[in-house]
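Worksheet for the structure shown next.
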2 protein chains.
Amino acid sequence: MIMTPMIETFVMHFGEMGSRWGFNRTVGQMYALLVITEDPISANDIAEALSVSRGNVSMGLKELQAWQLIQTHHKPADRKEYYQTNGSIWDMANRVFEERRKREMDPTLSLIRDILLDSPANAKEEYAQEKLQEVHNLLEGIVKWSSELQRLGPEKLDTLMKLGSGVGKVLDMKDKLLLKASPNDNKA
Amino acid sequence: MIMTPMIETFVMHFGEMGSRWGFNRTVGQMYALLVITEDPISANDIAEALSVSRGNVSMGLKELQAWQLIQTHHKPADRKEYYQTNGSIWDMANRVFEERRKREMDPTLSLIRDILLDSPANAKEEYAQEKLQEVHNLLEGIVKWSSELQRLGPEKLDTLMKLGSGVGKVLDMKDKLLLKASPNDNKA
DNA sequence: TTAAAGTTTCAGTAAATACTGAAACTTTAA
DNA sequence: TTAAAGTTTCAGTATTTACTGAAACTTTAA
């Protein structure tokens with residue numbers, strides 16, 4: 001399989017960015033290729049298109065499957081497996097966010113919780129714990145908020161996005177609104 | 001300067017996480033140390049506490065200053081420079097988000113824009129461009145949205161966070177609300 | 001049940017990234 | 001204006017991470 005220059009440009013770029021997004025270069029290239037290719041393609045096609053070893057492709061496919069970003073597809077009378085992307089671009093963004101949360105926030109949150117269980121040995125540690133509490137609150141806030149956004153689903157998210165700077169206005173009014181709707185539902 | 005075990009635990013952990021957050025291990029350790037230390041400390045203090053070369057500390061301080069995460073502090077009758085964190089934890093999170101946006105989104109956005117200017121050479125490229133448009137819209141959405149959140153400022157952000165699942169409800173009502181408030185202000 | 005087709009694993013190698021230590025440079029008190 | 005104190009730079013080295021190619025393993029049609 002051979003890529004047109006346009007497609008190659010994007011695939012290579014996505015590979016470079018991939019490492020910043022949480023997967024390695026080859027995995028990034030593979031995913032990009034699968035996204036912009038309509039028909040399911042085989043592992044060999046991928047290896048050939050990207051000039052990458054077959055073993056490396058296999059590893060990458062495994063990772064993409066773990067992320068649930070691709071699915072297999074079978075052609076009749078062909079035991080080879082073909083691959084295509086799974087879900088929308090939005091789904092993939094959600095996966096990436098979730099995976100990164102796991103790698104970038106969860107470990108720190110849990111470590112800080114442990115540290116906060118100990119009582120401070122001196123004034124310096126007392127100050128340190130105050131700061132750790134702040135970091136903890138921030139991380140917890142981000143985690144809760146992002147899972148909230150995911151729960152909203154794409155449609156509402158889209159509404160929220162389009163609202164843009166209107167968010168401020170809506171917030172200003174929310175007390176009034178929620179109060180009318182159900183007076184006791186306005187705490188958390 | 002010597003760190004207590006509690007402080008060391010956090011500093012080392014933050015160093016490891018640092019690389020996932022966009023700065024290297026030493027920079028992460030340095031920032032953590034500065035966050036949990038109340039008094040301004042010198043570059044030598046940092047090097048000693050972290051058992052890291054003086055040169056490396058200098059590089060790290062430069063980077064933290066570029067990110068505007070620290071500021072210098074001078075003691076009377078002492079030409080040495082002392083350092084302390086600049087702004088709140090929230091400010092630092094904003095800096096990190098912004099920096100990552102620059103590294104992780106902007107280059108891809110601009111590349112995709114370029115690609116979309118070319119006309120597709122065949123059906124495959126046409127499909128590819130459709131997909132690229134989707135990716136573009138997603139990235140643009142995230143960028144706009146995140147700068148929107150930054151513009152809201154910490155207080156409103158906090159309201160939004162605390163609102164949690166209430167966001168859905170507020171959204172359901174926003175049409176009614178905004179309509180009443182200013183009938184022509186409800187598009188973007 | 002065998003062999004052809006395909007998939008996975010892994011040890012060794014290559015590439016990218018970060019760190020050290022020493023030397024060069026800058027600042028300022030005397 | 002000099003030298004002591006401090007800061008910055010950089011070439012070489014170490015560490016980490018990713019990739020290759022070959023061998024081991026798995027599946028299934030005949």
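The structure displayed is predicted, hence computed values, not measured ones. Quick note on labels: first sequence line is chain A, next is B, and so on, each numbered from 1.
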Examine [N]: is either OP1 or OP2 under 4.0 Å from a nitrogen or oxygen in the side chain of [X]? Give yes or no.
X     : N      : result
A:K80 : C:dT7  : no
A:R54 : C:dG6  : no
B:S19 : C:dA18 : no
B:S58 : D:dT9  : no

Take atom [atom1] of [X] and atom [atom2] of [N], then tell me their distance rounded to the nearest Å.
X     : N      : atom1 : atom2 : value
B:I46 : C:dT20 : CD1   : P     : 14 Å
B:L50 : C:dT20 : CG    : C1'   : 15 Å
A:Y83 : C:dT7  : OH    : P     : 5 Å
A:M59 : D:dA18 : CE    : C1'   : 10 Å
B:H73 : D:dG6  : NE2   : P     : 17 Å
B:N24 : C:dA16 : CG    : P     : 18 Å
A:N56 : C:dT13 : CG    : P     : 18 Å
B:R25 : C:dT20 : CZ    : P     : 8 Å

Q | side-chain contact (heavy atoms from CB on, under 4.5 Å) partner of B:M30, the single match among B:N24, B:V57, B:I70 | A | B:V57
Looking only at side-chain atoms of [X], point me to the closest of [options].
X     : options               : value
B:K62 : D:dT9, D:dG21, D:dT7  : D:dT9
A:T26 : C:dT20, C:dT9, D:dC19 : D:dC19
B:V52 : D:dT7, D:dC10, C:dT20 : C:dT20

Q: Could you tell me which nucleotide pairs with D:dG6 by Watson-Crick or G-U wobble geometry, both distances under 3.5 Å, or answer none if nothing does?
A: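 For D:dG6, the partner nucleotide comes out as C:dC25, under the 3.5 Å rule.
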Q | Complement of D:dA11, any strand, by Watson-Crick or G-U distances under 3.5 angstrom | A |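 Looking at the geometry, D:dA11 pairs with C:dT20.
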Q. Taking atom CG of B:L117 as the centre, does the number of heavy atoms from other residues, nucleotides or ligands within less than 6.0 Å exceed 12?
A.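 Enclosed: over 12 neighbouring heavy atoms sit under 6.0 Å from CG of B:L117.
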(Q) Any non-hydrogen side-chain atom of A:T72 less than 4.5 Å from a side-chain atom of A:Y82? (A)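 Side-chain contact under 4.5 Å: no.
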Q: Could you tell me how the ring of A:F14 sits relative to the ring of A:Y31: parallel (under 30°), tilted (30 to 60°) or perpendicular (over 60°)?
A: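 Geometry flag for A:Y31 against A:F14: tilted rings.
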Q. Taking atom types as modelled, is there a side-chain donor on A:Q133 or A:N137 under 3.5 Å from an acceptor on the other?
A.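 Checked: A:Q133/A:N137 side chains pair up, N/O donor to acceptor below 3.5 Å.
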